[in-house]
Amino acid sequence: VTTEWTSLDLHPELVQAVTELGYTEPTSIQSAVIPLMLAGQDVLAQAQTGTGKTAAFALPILQNLQGDKKQVQSLILAPTRELAIQVASALHGYGRLRSVRVLAVYGGQPYERQIRRL
């Protein structure tokens, strides 16, 4: 585990998950955004594709989830079905050591099943 990830004050399970996924150090967008979000600040950030924006907002969200609550604790909106699936997959990977449950809800699928999972 690199000191760069641990210096962001993320839960050790999140650091372990990202390093096991092959991320050796945070990107500049992650280093800039994660501390602000962990401090409870609202953030508006822009960066090119492939720079780690999903992890930049997902890791602080995962950090703040309360495991004893059984209701929806976070909602992430995405403009396309493909991006919703991609973001859900990333959240699942980052949060897998914290038993996080993730659901992508989008059109073209039976709503009854999605509602039951919620």
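Because the structure is a prediction, the values reported are computed rather than measured.
Y106 is not listed as a side-chain neighbour of E82, based on a closest heavy-atom distance of 4.5 Å or more. Between R98 and L65, the closest side-chain pair of non-hydrogen atoms is not below 4.5 Å. The shortest side-chain heavy-atom distance between V100 and L91 does not fall under the 4.5 Å cut-off. Here the side chains of L8 and P26 are in contact, with some heavy-atom distance below 4.5 Å.
For the pair K53 (side chain) and A47 (backbone), a donor-acceptor distance under 3.5 Å is present. Side-chain N or O atoms of Q73 include one that pairs as donor or acceptor with a backbone N or O of Q66 at under 3.5 Å. Side-chain atoms of R117 do not come within 3.5 Å of backbone N or O of Q114 as any donor-acceptor pair.
Between A84 and A104, the shortest heavy-atom distance links the atoms O-CB, 4.0 Å. Here the shortest heavy-atom pairing between P35 and S31 reads CD-O, 3.2 Å. Residues G95 and L62 approach most closely at N-CD1, 3.8 Å, considering heavy atoms. Contact between I29 and A45 at its shortest, heavy atoms only, is CD1-CB, 3.7 Å. Residue V33 comes nearest to A56 through the heavy atom pair CG1-O, 3.6 Å, listed as atom of the first residue, atom of the second, then distance. When all heavy atoms are compared, the tightest approach of A90 to T54 is CB-CG2, 3.8 Å.
A continuous path of ILVMFWY side-chain contacts below 4.5 Å connects Y94 to V43, so both sit in one hydrophobic cluster. Two different hydrophobic clusters hold L103 and I76 under the rule that ILVMFWY side chains link at heavy-atom gaps under 4.5 Å. Taken together through direct or relayed side-chain contacts under 4.5 Å among Ile, Leu, Val, Met, Phe, Trp and Tyr, L59 and L97 form parts of separate hydrophobic clusters. Linking ILVMFWY side-chain heavy atoms closer than 4.5 Å, directly or via other members, places I34 and L36 in a single hydrophobic cluster.
Here the CZ atom belonging to R81 is positioned 7.0 Å from the CD atom belonging to Q109, to the nearest 0.5 angstrom. Here the CD1-CG distance, from I61 to L14, works out to 11.5 Å after rounding to the nearest 0.5 Å. For the atom pair D68 CG and K70 NZ, the distance stands at 8.0 Å (nearest 0.5 Å). Atoms OG1 and CD, from T51 and Q46 in turn, are 10.0 Å apart once rounded to the nearest 0.5 Å. Between atom CG of residue L21 and atom CD of residue Q16 there is a gap of 10.5 Å, rounded to the nearest 0.5 Å.
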Fill in: V87/F57 under side-chain contact (heavy atoms from CB on, under 4.5 Å): CA gap, chis, key distance, verdict
CA-CA 10 Å; V87 168; F57 71 79; 4.1 Å; yes
Worksheet item: Are Q30 and W5 close enough, and set up right, to give a side-chain contact (heavy atoms from CB on, under 4.5 Å), and what steps lead you there?
Response: CA-CA 10 Å; Q30 293 162 348; W5 281 113; 3.4 Å; yes
Worksheet entry | Steps toward side-chain contact (heavy atoms from CB on, under 4.5 Å) verdict (L10, L38) | CA-CA 9 Å; L10 291 168; L38 290 176; 4.1 Å; yes
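Surrounding CZ of R101 are at most 12 heavy atoms belonging to other residues, nucleotides or ligands under 6.0 Å away. Environment of CG in D42: sparse, with no more than 12 heavy atoms of neighbouring residues, nucleotides or ligands closer than 6.0 Å.
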